[in-house]
There are 2 protein chains.
Amino acid sequence: MPLVTRDREATGERILAAAGELFAEHGYDQVTVRMIASAAGANVALVNRYFGSKANLFATVLITASTVTAAIEGDLARLPARLAEHVAHRLRTGASEPLVRMLDRAGTSPEIRAVLTARVETGLVDAISARLPGPQARERALLATVIILGAGSLRRLLGPDGLHDADPAVLQARLETAFRACLAPAAD
Amino acid sequence: MPLVTRDREATGERILAAAGELFAEHGYDQVTVRMIASAAGANVALVNRYFGSKANLFATVLITASTVTAAIEGDLARLPARLAEHVAHRLRTGASEPLVRMLDRAGTSPEIRAVLTARVETGLVDAISARLPGPQARERALLATVIILGAGSLRRLLGPDGLHDADPAVLQARLETAFRACLAPAAD
DNA sequence: CACCAGAGTAAACAAGCGTATACTTGAAAA
DNA sequence: TTTTCAAGTATACGCTTGTTTACTCTGGTG
């Protein structure tokens, strides 16, 4: 039995998986192809060989990276509740929401920004907006997106201990109210 | 009249000012000391000579960099309105809120994160929290901070044209409702 | 005028990055 | 067994980064 399996597809998968975790955890800029290769147990050169470039690998990773999607779909009446739960859970546990994490950790390379922007537009704003009946759907979706993104920023900023003295239940309840305020068909 | 004034203090000021603008615009990681020096019309070596290190320069910049402060202070009843106006204005025009910009553009260097965390804690969360009477003040302040940060992320992500089809008045009105939901003494 | 502390400069340093190249190895085909 | 070709490897290239060192220049002072 060979120490390393000579299997291009499997190796590619390992690289993709490792890249996904690392990008979500540390952001595009802070992750090096050497880190990815090391985590995947593959050689540095294979990353570029199989995915062309680091940026291209990032784009590939991004295609299949989101967990909010589940919260957006489902019963419309409970949409604010589900979003609140999702965000509160993320604030509390730091659970991985790869898309959001990559977003506010990404650098400012135009190439990377473009793929991220497209992803937020379709994966968050458009996805939420499409679910909302009534006028001002886009505005309402944008504000919900603001909260989703903001929670990511705050959590990343304050870290695991930054929220320890805040009551999770309170946060979630108030988040739901806030989401409701953003998403309601009529303002006020 | 000499082409360059040999004035340590003035040069230091120019470097500080240039660093402030560049950090706010492009984030810590994307700004190089050479960019700062060039923008300030100074030599590369002076940046490190006068401020010790890039990280230290960043910390120095951060001390005097915030414009939300004004919105936080003043009549408590109108606090949600002022915050909503501030955030809406920022969404619409991309107006500079240096602290927020640097936040979600900063890299993940522990050193940089620490100084940013401290700044958000004192400049946003604590500042807002201190103004709120009643229970759950910290939770309420945290959620308001979420919106403030999230708006920065969204604006940066979508760019100047990303919001062109959203009605600014609608955004502001809904933001105010959302802030009210977050900040209200009692949930629901 | 001569001097000199110190502002400003040029150049190089070591380290790290993404990427490319030339090589080695192993397993399947002949 | 021998051949062969792609998977995997080792290594180095070219570049950029933050930082430091040794130097030049200048304006105020005696």
Side-chain angles (χ1 to χ4, degrees), chain A residues 1-19 22-23 25-62 102 105-113 115, chain B residues 1-19 22-23 26-62 102 105-115:
Chain A
M1 177 124 60
L3 214 71
V4 290
T5 61
R6 293 172 78 89
D7 184 336
R8 176 180 185 132
E9 193 176 345
T11 306
E13 287 295 333
R14 288 207 316 279
I15 292 175
L16 203 62
L22 287 170
F23 282 144
E25 183 63 29
H26 302 107
Y28 182 81
D29 285 338
Q30 303 299 316
V31 172
T32 70
V33 294
R34 284 169 178 80
M35 285 168 64
I36 296 171
S38 171
N43 189 276
V44 205
L46 295 182
V47 175
N48 280 283
R49 169 112 72 202
Y50 293 161
F51 294 94
S53 69
K54 180 189 176 187
N56 198 64
L57 170 60
F58 182 74
T60 308
V61 162
L62 214 56
M102 292 181 204
R105 294 199 172 195
T108 45
S109 146
E111 192 177 6
I112 299 303
R113 266 201 42 161
V115 63
Chain B
M1 178 124 62
L3 212 70
V4 290
T5 60
R6 293 172 79 87
D7 184 336
R8 177 180 185 131
E9 195 176 345
T11 305
E13 286 294 334
R14 288 207 315 279
I15 292 175
L16 203 62
L22 287 170
F23 281 144
H26 302 106
Y28 183 81
D29 284 339
Q30 304 299 315
V31 172
T32 69
V33 294
R34 284 172 177 79
M35 285 168 63
I36 296 170
S38 170
N43 188 275
V44 205
L46 296 182
V47 175
N48 280 285
R49 167 113 73 203
Y50 293 161
F51 294 94
S53 69
K54 182 188 175 187
N56 198 64
L57 170 61
F58 182 73
T60 308
V61 161
L62 214 57
M102 292 179 204
R105 295 200 172 195
T108 46
S109 146
E111 192 177 4
I112 298 304
R113 267 201 41 163
V115 62

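Order of the sequence lines fixes the chain letters, A, B, ..., with proteins taken first and strands second; residue numbering starts at 1 for each chain.
- A donor-acceptor contact shorter than 3.5 Å links the side chain of Thr11(A) to the backbone of Asp7(A).
- Within the structure, a side-chain polar atom (N or O) of Thr11(B) is placed less than 4.0 Å from OP1 or OP2 of dG8(C).
- Each of Ile36(A), Ile15(A), Val33(A) was evaluated against Leu46(A); a single residue qualifies, Ile15(A), per the side chain to side chain contact (heavy atoms under 4.5 Å, CB included) test.
- Phosphate proximity of dA27(C) to Arg6(A): absent, as no side-chain N or O sits under 4.0 Å from OP1 or OP2.
- A cation-pi geometry, defined here as NZ or CZ lying under 6.0 Å from the six-membered ring centre and within 45° of its normal, does not hold between Lys54(B) and Phe23(B).
- We find that CZ of Phe58(B) is positioned 14 Å from P of dG18(D), with the value rounded to whole Å.
- Along DNA chain C, the nucleotide nearest to Thr32(A) and the one nearest to Ala45(A) differ in position, and the one closer to the 5' end is contacted by Thr32(A).
- Atom CD1 of Ile36(A) and atom P of dC17(C) are 11 Å apart (whole Å).
- Asp7(A) places its CG atom 17 Å from the C1' atom of dT9(D), with the value rounded to the nearest Å.
- At the phosphate of dG8(C), OP1 or OP2 sits under 4.0 Å from a side-chain N or O atom of Tyr50(B).
- Residue Arg34(A) contributes atom CZ, which lies 11 Å from atom C1' of dC13(D) at whole-angstrom precision.
- Straight-line distance from the CD1 atom of Ile15(A) to the C1' atom of dA7(D): 11 Å, rounded to whole Å.
- If you take CG of Asn43(B) and P of dT19(D), they are 15 Å apart, rounded to a whole angstrom.
- Distance, Phe51(A) CZ to dT19(C) P: 13 Å, rounded to whole Å.
- For the atom pair CD (Glu13(A)) and OH (Tyr50(A)), the distance works out to 12.0 Å, reported to the nearest 0.5 Å.
- In the interface, the side chain of Arg49(B) is not paired with the base of dT19(D) through any donor and acceptor atom under 3.5 Å apart.
- Base engagement by Val44(B) is indicated by at least one non-hydrogen atom pair under 4.0 Å involving a base atom.
- The nearest whole Å value for the distance from the CD atom in Gln30(B) to the C1' atom in dT17(D) is 12 Å.
- Side-chain atoms of Tyr28(A) come within 3.5 Å of backbone atoms of Ala55(A) as a donor-acceptor pair (strictly under, hydrogens ignored).
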